[in-house]
Amino acid sequence: MINIVLFGKPGAGKGTQAEFLKEKYNLTHLSTGDIFRYNIKNETDLGKLAKSYMDKGDLVPDEVTIKMLEDTVEKNLNTEGFLFDGFPRTIAQAKALDDFLANKNWNITATISLEANDEILIKRLLERGKTSGRVDDQDEEKIRNRYLEYNEKTAPLINFYSNQNKFYAVNGIGSIEEITQRLSTVIDKL
């Protein structure tokens with residue numbers, strides 16, 4: 001089983017690349033954004049709680065995110081591996097994910113970060129916000145707040161996974177095909 005964490009700042013292209021990678025490597029794609037939207041759309045208790053944070057541009061608390069993710073993994077146990085997109089976002093989430101996977105005799109194989117300049121990403125998100133309907137992609141101040149949250153809470157994952165020899169940085173600027181090839185080069189060597 002191969003379990004990959006794909007991360008990067010909002011707008012880095014995680015969702016786009018995950019679509020290609022899940023097909024190529026036959027992985028179950030677990031996007032926290034999709035999981036949140038499913039729970040919000042279906043007005044689950046966890047969804048209502050998550051929405052209250054997302055509407056302010058804040059990250060959803062760990063315990064809510066972890067519970068949503070665990071519920072989704074449990075529904076997909078017959079898989080060749082998972083592609084975690086947007087999770088973990090904090091050291092606490094990474095430790096909780098490691099513990100949860102260990103209970104199933106699984107582990108994280110690699111963490112791959114799509115790296116890109118903030119100003120390029122902000123332009124991408126504002127463009128996406130014009131068509132996505134996502135409130136958090138339509139306000140530059142909220143986007144910058146998400147980046148501050150990322151720098152405080154998610155960037156420390158680089159050291160966390162580097163210390164386990166599981167961290168790989170990939171240039172997230174270029175054509176979709178170029179970025180997919182860069183990611184595939186990393187994954188094929190695992």
Side-chain angles (χ1 to χ4, degrees), residues 1-39 46 50 53 59-116 121 146-147 149-172 176 179-190:
M1 173 174 279
I2 185 170
N3 293 309
I4 297 172
V5 173
L6 185 61
F7 78 93
K9 290 182 179 176
K14 296 178 302 294
T16 300
Q17 291 302 322
E19 290 301 313
F20 294 105
L21 297 176
K22 75 177 186 179
E23 295 299 322
K24 182 172 184 176
Y25 297 99
N26 199 26
L27 300 172
T28 299
H29 177 211
L30 297 179
S31 160
T32 50
D34 290 345
I35 293 168
F36 287 162
R37 285 184 282 280
Y38 171 84
N39 280 276
L46 289 172
Y53 290 95
L59 291 178
V60 176
D62 289 346
E63 58 274 6
V64 177
T65 304
I66 292 163
K67 180 64 177 142
M68 281 186 194
L69 186 84
E70 288 176 353
D71 290 351
T72 306
V73 168
E74 291 293 345
K75 295 175 187 169
N76 293 283
L77 294 177
N78 295 323
T79 185
E80 293 185 31
F82 290 99
L83 180 60
F84 296 95
D85 167 5
F87 186 91
R89 289 188 178 177
T90 65
I91 297 292
Q93 288 179 357
K95 289 177 179 177
L97 179 60
D98 283 349
D99 291 345
F100 177 69
L101 293 176
N103 287 332
K104 301 196 172 311
N105 293 316
W106 300 339
N107 67 345
I108 294 299
T109 310
T111 300
I112 306 172
S113 177
L114 288 171
E115 304 288 322
L121 296 180
R146 288 158 65 194
Y147 288 174
E149 292 269 343
Y150 179 92
N151 289 335
E152 283 180 23
K153 298 177 182 176
T154 305
L157 288 171
I158 294 170
N159 287 334
F160 181 82
Y161 285 112
S162 292
N163 290 337
Q164 298 176 30
N165 296 315
K166 294 181 180 181
F167 178 80
Y168 302 87
V170 170
N171 181 352
I176 292 171
I179 298 165
T180 303
Q181 183 54 51
R182 291 178 200 142
L183 290 166
S184 296
T185 299
V186 170
I187 294 168
D188 290 343
K189 292 179 182 177
L190 297 175

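All figures in this text were calculated on a predicted structure; none of them were measured in a lab.
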Asks: State, yes or no, whether a side-chain contact exists between Tyr168 and Thr111 at a heavy-atom distance under 4.5 Å.
Replies: no
Asks: Rounded to the nearest 0.5 Å, what separates atom OG1 in Thr79 from atom CG in Asn26?
Replies: 6.5 Å
Asks: Check the pair Asp62, Gln93 against side-chain hydrogen bond (donor to acceptor under 3.5 Å, both in side chains), reporting the backbone distance first and the verdict last.
Replies: CA-CA 6 Å; Asp62 289 346; Gln93 288 179 357; 2.8 Å; yes
Asks: So, for Ala116 and Leu121, which heavy atoms are closest and what is the spacing to 0.1 Å?
Replies: CB-CD2, 3.7 Å
Asks: Go through Tyr150 and Phe7 one step at a time and tell me if the side chain to side chain contact (heavy atoms under 4.5 Å, CB included) criterion holds.
Replies: CA-CA 10 Å; Tyr150 179 92; Phe7 78 93; 3.3 Å; yes
Asks: Does some side-chain heavy atom of Leu30 sit less than 4.5 Å from a side-chain heavy atom of Asp85?
Replies: no
Asks: Measuring only between side-chain heavy atoms, which start at C-beta, is Val170 closer than 4.5 Å to Arg182?
Replies: yes
Asks: With a 6.0 Å cut-off (strictly less than), is the heavy-atom count around NZ of Lys95, excluding the residue itself, greater than 12?
Replies: no
Asks: Verify side chain to side chain contact (heavy atoms under 4.5 Å, CB included) between Ile4 and Leu27, making sure each step is shown before the conclusion.
Replies: CA-CA 9 Å; Ile4 297 172; Leu27 300 172; 4.3 Å; yes
Asks: Which heavy-atom pair separates Asn3 from Phe82 by the least distance, and what is that distance?
Replies: OD1-N, 3.0 Å
Asks: More than 12 heavy atoms of other residues, nucleotides or ligands under 6.0 Å from NZ of Lys67: yes or no?
Replies: no
Asks: Less than 4.5 Å apart, side chain to side chain, heavy atoms only: is that true for Leu83 and Thr28?
Replies: no
Asks: Using ring-ring contact (aromatic ring centres under 6.0 Å, His included), reason through Trp106 and Phe100 one step at a time and then give a plain yes or no.
Replies: CA-CA 9 Å; Trp106 300 339; Phe100 177 69; 7.7 Å; no
Asks: Let me confirm one number: the CD-CD distance from Gln17 to Glu19, rounded to the nearest 0.5 Å.
Replies: 10.5 Å
Asks: Please name the pair of heavy atoms, one in Ile108 and one in Lys166, separated by the smallest distance, quoted to 0.1 Å.
Replies: O-NZ, 2.8 Å
Asks: Working to the nearest 0.5 Å, report the span between CG of Asn151 and CD of Glu149.
Replies: 10.0 Å
Asks: Taking all non-hydrogen atoms of both residues into account, name the closest pair between Leu157 and Ala94 and its distance.
Replies: CD2-CB, 3.6 Å
Asks: Test the Lys9-Tyr147 pair against the cation-pi criterion, namely NZ or CZ under 6.0 angstrom from the six-membered ring centroid and within 45° of the ring axis.
Replies: yes
Asks: Provide the closest heavy-atom pair for Thr109 versus Met1 in the form atom of the first, atom of the second, distance.
Replies: OG1-O, 3.9 Å
Asks: Looking at every heavy atom in both Ile66 and Ala96, which two are closest together, and how far apart are they?
Replies: CD1-CB, 3.5 Å
Asks: Going by heavy atoms in the side chains, are Phe20 and Ile176 under 4.5 Å from each other?
Replies: yes
Asks: Evaluate Leu21 against Ile187 for side chain to side chain contact (heavy atoms under 4.5 Å, CB included), listing each step before the verdict.
Replies: CA-CA 9 Å; Leu21 297 176; Ile187 294 168; 3.9 Å; yes
Asks: Would you say the side chain of Leu183 lies within less than 4.5 Å of the side chain of Leu6, judging by non-hydrogen atoms?
Replies: yes
Asks: Would you check if the side chain of Ser113 reaches a backbone N or O of Glu115 as a donor-acceptor pair within less than 3.5 Å?
Replies: no
Asks: Using a strict 4.0 Å threshold on nitrogen-to-oxygen distance, state whether Arg89 and Glu152 make a salt bridge.
Replies: no
Asks: Is there a side-chain contact between Tyr161 and Pro156, using heavy atoms and a 4.5 Å cut-off?
Replies: no
Asks: The test is side chain to side chain contact (heavy atoms under 4.5 Å, CB included); show your working for Phe87 and Leu97 and say whether it passes.
Replies: CA-CA 9 Å; Phe87 186 91; Leu97 179 60; 3.9 Å; yes
Asks: Would you say the side chain of Ser184 lies within less than 4.5 Å of the side chain of Tyr25, judging by non-hydrogen atoms?
Replies: yes
Asks: As an exercise, state the distance from CG of Leu114 to OG1 of Thr16, rounded to the nearest 0.5 Å.
Replies: 9.5 Å
